[in-house]
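Chain A is the first sequence line, chain B the second, and so forth, proteins listed ahead of strands; every chain is numbered from 1.
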There are 2 protein chains.
Amino acid sequence: MQYETPYAAPTLTVDLVGFQVIHGELCVLILKRPNEPFSGTWALPGGYNPEGETTEAALQRIIRHKISIDIDKDFSYIEQLYTFDTVARDPRGHAVAVTYLACGRAIELPSLDYETSFTPIVALPELAYDHADIIDYAHKRLAAKLLYTNIAFAFMPPKFTLTELQSTYEALLGRKLDKRNFRKKILSQDIISPSGELRTEAAHRPAQLYQFDHQELREVTETF
Amino acid sequence: MQYETPYAAPTLTVDLVGFQVIHGELCVLILKRPNEPFSGTWALPGGYNPEGETTEAALQRIIRHKISIDIDKDFSYIEQLYTFDTVARDPRGHAVAVTYLACGRAIELPSLDYETSFTPIVALPELAYDHADIIDYAHKRLAAKLLYTNIAFAFMPPKFTLTELQSTYEALLGRKLDKRNFRKKILSQDIISPSGELRTEAAHRPAQLYQFDHQELREVTETF
DNA sequence: TCAAAAGTGTTCAGGATACACCCATGC
DNA sequence: GCATGGGTGTATCCTGAACACTTTTGA
């Protein structure tokens with residue numbers, strides 16, 4: 001196509017919806033914006049994607065810079081979520097925002113000049129832009145994927161009990177599951193194996209420890 | 001974030017994967033590129049997205065300009081497919097491509113200076129860039145959505161027989177379905193209703209005509 | 001009367017759901 | 001010995017899959 005005026009691209013931004021489960025609650029990574037616009041308001045972490053940098057690389061750089069964590073190292077899984085046109089959304093004018101969804105476990109946030117937090121999705125503060133909708137959308141995607149993939153691997157430590165795994169499923173789905181049916185189902189999916197070790201710390205019968213067979217996303221035929 | 005140099009955004013492009021079913025075959029809209037790069041090679045229609053225009057608006061404009069059809073009028077359904085980083089893909093350098101998936105029926109292509117075609121996906125020519133992969137991805141998404149939504153509405157005329165509907169499902173899924181099971185299933189989904197009219201043109205028993213209850217995407221609980 | 005597509009039911013197997021008690025350990 | 005979570009099996013229902021013949025029309 002020909003343009004009379006030189007081609008000018010819209011501003012491109014990338015944002016992260018970073019999840020982990022803490023104390024049986026699904027939490028999402030947010031920060032209190034130190035700068036305008038929406039200074040002082042909580043929002044998803046994100047920033048500008050300049051020419052010459054892929055969206056994943058830009059996100060990696062921005063999260064390292066703004067949150068001081070490393071996406072590849074600290075999150076176990078990442079996928080692209082959706083691309084939003086922000087004509088009406090962003091007071092700075094037209095921009096396009098590519099959003100990513102990431103899942104991890106036991107991520108510690110370094111303390112910074114401004115607040116960052118993994119906040120339970122049931123207790124989120126007011127958020128800038130339409131970030132609350134984006135988190136909802138990511139949560140729906142995540143709950144759906146739980147039913148037909150092994151994505152739970154990204155939330156679990158290397159060794160875990162079936163009860164701990166069930167608790168993660170319940171946190172992500174937002175509902176209770178039957179213990180016997182959960183065990184039958186998860187074992188029939190052939191995505192985890194017993195490690196042979198037992199967890200003996202507690203004042204009750206020791207639990208068998210399991211591990212995920214794969215640390216990459218796989219689809220399963222069985223569903224919940 | 002601060003930048004030493006002024007912020008420069010990557011080139012933003014939009015591409016369309018446009019589907020319709022012709023003679024029981026799933027077909028996709030491609031054109032023979034009149035310009036470099038890849039001049040003379042078949043590719044998905046697409047173009048540049050300048051600042052100030054949403055990706056959907058840019059796509060609308062580009063398809064009207066390049067194919068002389070109107071997305072809103074000629075396609076019955078459109079959704080965003082995926083956003084690709086094209087660092088390695090595009091010989092012109094770094095670009096970000098937002099792709100859309102659209103579905104329609106009985107779309108007639110006006111003749112132009114260069115070739116455009118709804119080509120059966122089983123008989124696609126060599127395509128520019130990684131457009132063949134993008135079409136595969138779109139096809140998978142479509143087949144998945146067929147199982148848990150009413151998306152077939154976008155491929156069907158206002159009135160149709162159950163056999164015609166089954167043929168569309170078979171074209172999209174790439175496999176044959178059992179007639180009795182299909183009818184039980186589709187009727188249990190409560191997404192179509194008999195119109196009361198019959199199709200009597202042919203040399204066999206007349207068929208009941210059905211219509212979709214809704215012309216927007218809905219999810220169904222029942223699946224195939 | 002024949003060709004061609006429309007229309008219709010049953011059986012079977014496997015998965016989903018609901019549900020309650022005994023087991024092994026630390027204190 | 002008791003509190004705590006670990007671990008297990010069965011009965012029922014529902015859904016998915018396989019499968020063949022009769023009906024109605026136009027030519």
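Summarising the geometry, the separation between CZ on A/Arg183 and P on D/dG5 is reported as 13 Å, rounded to the nearest angstrom. Whole-Å rounding puts the A/Leu198 CG to C/dT25 C1' distance at 11 Å. One interatomic measurement links the two molecules: CZ of A/Arg199 to C1' of C/dT25, which rounds to 15 Å at whole-angstrom precision. The separation between B/Leu147 atom CG and D/dG16 atom P is 11 Å, rounded to whole Å. Across the protein-nucleic acid pair, A/Lys185 atom NZ and C/dA18 atom C1' stand 15 Å apart, rounded to whole Å. Computed from coordinates, the A/Arg175 CZ to C/dA16 P distance equals 12 Å when rounded to whole Å. Residue B/Lys176 contributes atom NZ, which lies 17 Å from atom P of D/dA17 at whole-angstrom precision. In this entry the distance linking CZ of A/Phe182 with P of D/dG7 reads 12 Å, nearest Å.
Residue A/Asn181 has its side chain nearest to C/dA18 when only C/dA20, C/dA6, C/dA18 are considered.
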*Checking side chain to side chain donor-acceptor pair (under 3.5 Å) for the pair A/Thr163/A/Thr161: CA distance, chi angles, key distance, verdict?*
CA-CA 5 Å; A/Thr163 299; A/Thr161 68; 4.7 Å; no
*For B/Leu26 and B/Phe155, run side-chain contact (heavy atoms from CB on, under 4.5 Å): C-alpha distance rounded to whole Å, both residues' side-chain angles, the deciding distance at 0.1 Å, then the answer.*
CA-CA 10 Å; B/Leu26 180 60; B/Phe155 293 94; 4.3 Å; yes
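One side chain, B/Asp85 or A/Thr55, offers a donor N or O that lies under 3.5 Å from an acceptor on the other. Side-chain N/O atoms of B/Gln166 and B/Glu170 include a donor and acceptor closer than 3.5 Å.
Although no hydrogens or angles enter the test, the distance criterion places a donor-acceptor pair under 3.5 Å between the side chain of B/Asn150 and the main chain of B/Arg218.
Annotation: proximity of residues 203-213 of chain A to DNA chain C (heavy atom, distance under 4.0 Å) is found for A/Ala203, A/His204, A/Arg205, A/Pro206, numbered in ascending order.
In terms of polar N and O atoms assigned as donor or acceptor, the side chain of A/Lys184 comes within less than 3.5 Å of the base of D/dT10 in a complementary pairing.
Each of A/Asp178 and B/Ala202 lies near DNA chain D, and the nucleotide nearest A/Asp178 is the one positioned closer to the 5' end. Toward the 5′ end of DNA chain C lies the nearest nucleotide of B/Lys179, the other residue of the pair B/Lys179 and A/Lys179 mapping further downstream.
Minimum interatomic distance between A/Asp15 and A/Gly46 (heavy atoms only, all atoms of both residues): OD1-CA, 3.4 Å.
Here B/Thr163 does not reach the OP1 or OP2 of C/dA5: none of its side-chain N or O atoms lies under 4.0 Å away.
Between B/Phe212 and B/Phe160, the distance from one ring center to the other falls under 6.0 angstrom.
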